[in-house]
Amino acid sequence: MTVRTRFAPSPTGSLHIGNVRSGLFAYLYARHNHGKFILRIDDTDRERSTQESLDEILTDLKWLGLEWDEGPPDPRYFQSNRLDRYRGSARQLLREHKAYPCYCTPVELDAKRKAAEKERRKPVYDRKCRGLDFPPELELPDRRAGRNYTIRFAMPTSGETVLEDLVRGRSVFENRELDDLVILRSDGAPTYNFATVIDEADFRITHVVRGDDHVPNTPRQIQIALALGFTPPAFAHLPMVTGPDGAPLSKRHAATSVRAYREGGFFPEALVNYLARLGWSHGDQEIFSRDELVEYFDFAACGKSPGVFNTDKLLWLNFHYLKTRPVAQLAREVKPFIAQRGIAIPGDDAWLEKMVATLRERAKTLVELVDFAGFYLNEKIEIDLKAAAKFLKPEIKEPLSVLASELDAVAGDFNEQAVQSAFEGVLAKFGLKLGQLAQPVRVAITGGTVSPGIYEVIGVLGKRRTVERLNAAVKMIATG
RNA sequence: GGCCCCAUCGUCUAGUGGUUAGGACACCGGCCUCUCACGUCGGUAACGCGGGUUCGACUCCCGCUGGGGUCACCA
């Protein structure tokens, strides 16, 4: 039997980092087994589902490289188009007396729940309507038709349900602990636990991969599947991704959407690599290509305990991918981040590549790289006052001035080689050490005390801008 | 509270009865050096507690403690 896994986001918001990890694991498992990865859209909540969320989720999934074999835009993979199917299954259960109409109102139920909590009893439905007779041809709930009741599933009250989880092992649930959950709402729409069971069966999902917050639902879903005559799928419940305080990862800890990381200058390779290693491991290996992930992935190597999301490690991975990818690619990828700041790149692609090459070991993200590139990209720079006070002193005025004219006099290619000989000439003439000249020059041409190697910077900056900035610094010293 | 689950450095983890408990991030120090990085070398740092089982427990069992998930006409 070919493996079929699925990822089923709700289009009610951005693609969440913790959620997408489950999707990634489902994807890897499918690919590892040469199976299919299915994308289904759980959009039964018409109130909160939006087209924008859907678009964002689809583009971000593609950006991460989680390509699906079946799913949107095929309309069959939207739950909202399957309402009749769910209602048909509800009717089937009703006919077989495995489900029943419940006439309790939300107000009543709420009151019962509160009372139960107060008396320290379990706040479960008391099955009041389960014994009631109902007509064989009972019509399904439909709010517009004034049929404001729900349909509940008649859960077995004895025996046990066993969950053999691929990552967590065996768990046994007493059926009497499970309650009669609503499968059809009073407006006729199915609830999640009902719709998902039917979908997994219809789409022939063999392995349900999801967060372990779904574990308590699983025995209920297994019972519903059995009642419907389905063979339940296998389950793999992944531990949660948490913040440093152990609570599920939320905006309060860090950025939680894939989109935020994308816009923050992270690479999909880094995010995927990081997420894969959070809760899964393969010996001591830290860096994994997509192919390696697919080749090695296995639920047996997944941990059972929750993992803390660690931005530092993600940054380290991102840095790894930043400094090892081809410069041409990096230059291409950094462009939108420059454009976003409204900066026109003062050079061609070859120039941009040279610029990027000098910065790639000094930035962990594309955003950081652009932050660092200001003195290359902008025509005018601002000189840091503290740096100027420390390095642009009267005694360096002459050497800077001479260096400016030496550089200006370079006849051939204005490359690092030429720059270096100009420096050496000035150094010899004034009896200075490189450090004594390099720092003032650095301040003069970058505005600060931190930059790539001074010859590299000048090489990228070019003759005109270097000389101009040097002369401006000389003037600055003169003026005091 | 009921049910289910989890527990190795600060963090991600390796480890499946006998190891100087390994790696990675972060952190600290040396080296490299025109600054900052990169790189490189080294360092600090962990088996939650108590009982068993065993010649021997990080590894197996029980309890405790701590933590998490879930108890909707949300997914």
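Protein chains get the first letters and strands the later ones, always in sequence-line order, with residue 1 at the start of each. Everything numeric in this text was worked out from a predicted model, so none of it was measured.
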P-based separation of B:rU53 from B:rC41 [nearest Å]: 48 Å
Under-4.0 Å side-chain N/O to phosphate OP1/OP2 contact, A:Ser171 with B:rC5: yes
Sugar-phosphate only, base, or nothing, as touched by A:Lys433 at under 4.0 Å among non-hydrogen atoms: nothing
Test item: A:Ser401 side-chain N/O and A:Lys397 main-chain N/O as donor-acceptor pair under 3.5 Å: no
Distance-only donor-acceptor test (3.5 Å): side chain A:Arg442, base B:rC34: yes
Shortest side-chain distance from A:Phe319, nucleotide among B:rC71, B:rC38, B:rC4: B:rC38
Donor-acceptor pair between A:Ser186 and A:Asn148 side chains, under 3.5 angstrom: no
Sugar-phosphate, base or nothing in reach of A:Pro452, heavy atoms under 4.0 Å: base
For nucleotides 12-14 of chain B, print each protein N/O atom paired with a nucleotide N/O atom at under 3.5 Å, atom names and distance only.
| from | atom 1 | to | atom 2 | distance (Å) |
| --- | --- | --- | --- | --- |
| B:rC12 | OP1 | A:Val308 | N | 3.0 |
| B:rC12 | O2' | A:Arg277 | O | 2.9 |
| B:rC12 | O2 | A:Lys313 | NZ | 3.4 |
| B:rU13 | OP1 | A:Gly279 | N | 2.5 |
| B:rU13 | O3' | A:Ser281 | OG | 3.1 |
| B:rA14 | OP1 | A:Ser281 | OG | 2.9 |

Nucleotide nearest A:Ser10 (side chain, heavy atoms from C-beta), chosen from B:rC73, B:rA75, B:rC3: B:rA75
Closest nucleotide among B:rC73, B:rG2, B:rC34 to the A:Glu177 side chain: B:rG2
Between A:Tyr86 and A:Thr44: side-chain donor-acceptor atoms closer than 3.5 Å: no
Watson-Crick or G-U counterpart of B:rC9, or none if no pair lies under 3.5 Å: none
Any strand: nucleotide that pairs with B:rC49 via Watson-Crick or wobble, under 3.5 Å: B:rG63
Separation between the C1' atoms of B:rC58 and B:rG48, rounded to whole Å: 12 Å
Position toward the 5' end of RNA chain B (nearest nucleotide), A:Ala438 or A:Pro216: A:Ala438
Closest nucleotide among B:rU35, B:rC34, B:rC73 to the A:Arg143 side chain: B:rC73
Separation of A:Trp280 CH2 from A:Asp298 CG (nearest 0.5 Å): 9.0 Å
Integer-rounded Å distance: B:rA24 P and A:Asn273 CG: 15 Å
Out of B:rG69, B:rC34, B:rC73, whichever nucleotide has its closest atom nearest the side chain of A:Tyr455: B:rC34
Pairing partner (Watson-Crick or G-U wobble, both distances under 3.5 angstrom) of B:rC36: none
Any strand: nucleotide that pairs with B:rC3 via Watson-Crick or wobble, under 3.5 Å: B:rG69
Options B:rG68, B:rA75, B:rC25, nucleotide nearest the side-chain atoms of A:Asp312: B:rC25
Donor-acceptor under 3.5 Å (A:Asp180 side chain, A:Ala154 main chain): no
Side chain to side chain contact (heavy atoms under 4.5 Å, CB included) partners for A:Val107, two or more places apart: A:Thr105
Nearest-angstrom distance from the residue atom CG of A:Asn175 to C1' of B:rG2: 16 Å
Touch class at under 4.0 angstrom, heavy-atom based, for A:Asp179 against every strand present: nothing
Rounded distance in Å - CZ (A:Phe78) to C1' (B:rA75): 17 Å
Sugar-phosphate only, base, or nothing, as touched by A:Thr44 at under 4.0 Å among non-hydrogen atoms: sugar-phosphate
Atom-to-atom span, CZ of A:Arg360 to P of B:rA37 - whole angstrom: 19 Å
Gap between atoms CG and P, on A:Asp212 and B:rG67 respectively (whole Å): 18 Å
Rounded P spacing from B:rA57 to B:rG2 in Å: 35 Å
Rounded distance in Å between the C1' positions of B:rC64 and B:rC9: 24 Å
B:rG23 to B:rG42 separation - P atoms, rounded to the nearest Å: 10 Å
Side-chain donor-acceptor pair present, A:Arg442, A:Gln439, cut-off under 3.5 Å: yes
Separation between the C1' atoms of B:rG68 and B:rC73, rounded to whole Å: 28 Å
Distance-only donor-acceptor check, side chains A:Asn318 and A:Thr365, under 3.5 Å: no
Residue A:Val182, side-chain heavy atoms: nucleotide from B:rC36, B:rC34, B:rC73 that is nearest: B:rC73
Pair of N/O donor and acceptor under 3.5 Å linking B:rC36 base with A:Ser451 side chain: no
Nearest-Å distance for atom pair CD1/P, residues A:Ile222 and B:rC4: 14 Å
Per-pair stack call A:His214 and B:rA75, 5.5 Å, 30°: yes
A:Tyr192-A:His214 aromatic ring centre distance below 6.0 Å: yes
Proximity to the side chain of A:Tyr192 - top-ranked nucleotide from B:rA75, B:rC73, B:rC38: B:rA75
Touch class at under 4.0 angstrom, heavy-atom based, for A:Cys302 against every strand present: nothing
Integer-rounded Å distance: B:rA75 P and A:Ile183 CD1: 14 Å
Modelled atom types, side-chain donor and acceptor of A:Gln420 and A:Glu424, under 3.5 Å: yes
Watson-Crick/G-U partner (both atom distances under 3.5 Å) of B:rC27: B:rG43
Closest listed nucleotide, where the reference is the side chain of A:Arg362 and the choices are B:rC71, B:rU35, B:rG69: B:rU35
Between A:Phe309 and A:Tyr274, ring centroids under 6.0 Å: yes
Phosphate OP1/OP2 of B:rC3 contacted by A:Arg176 side-chain N/O (<4.0 Å): no
Whole-angstrom distance between B:rA37 and B:rC27, as gauged at atom P: 11 Å
Between P of B:rG39 and CD of A:Glu361, the distance in whole Å: 7 Å
Spacing of the P atoms in B:rA7 and B:rG15 (rounded, Å): 13 Å
A:Arg113 side-chain proximity, nearest of B:rC5, B:rC73, B:rC34: B:rC73
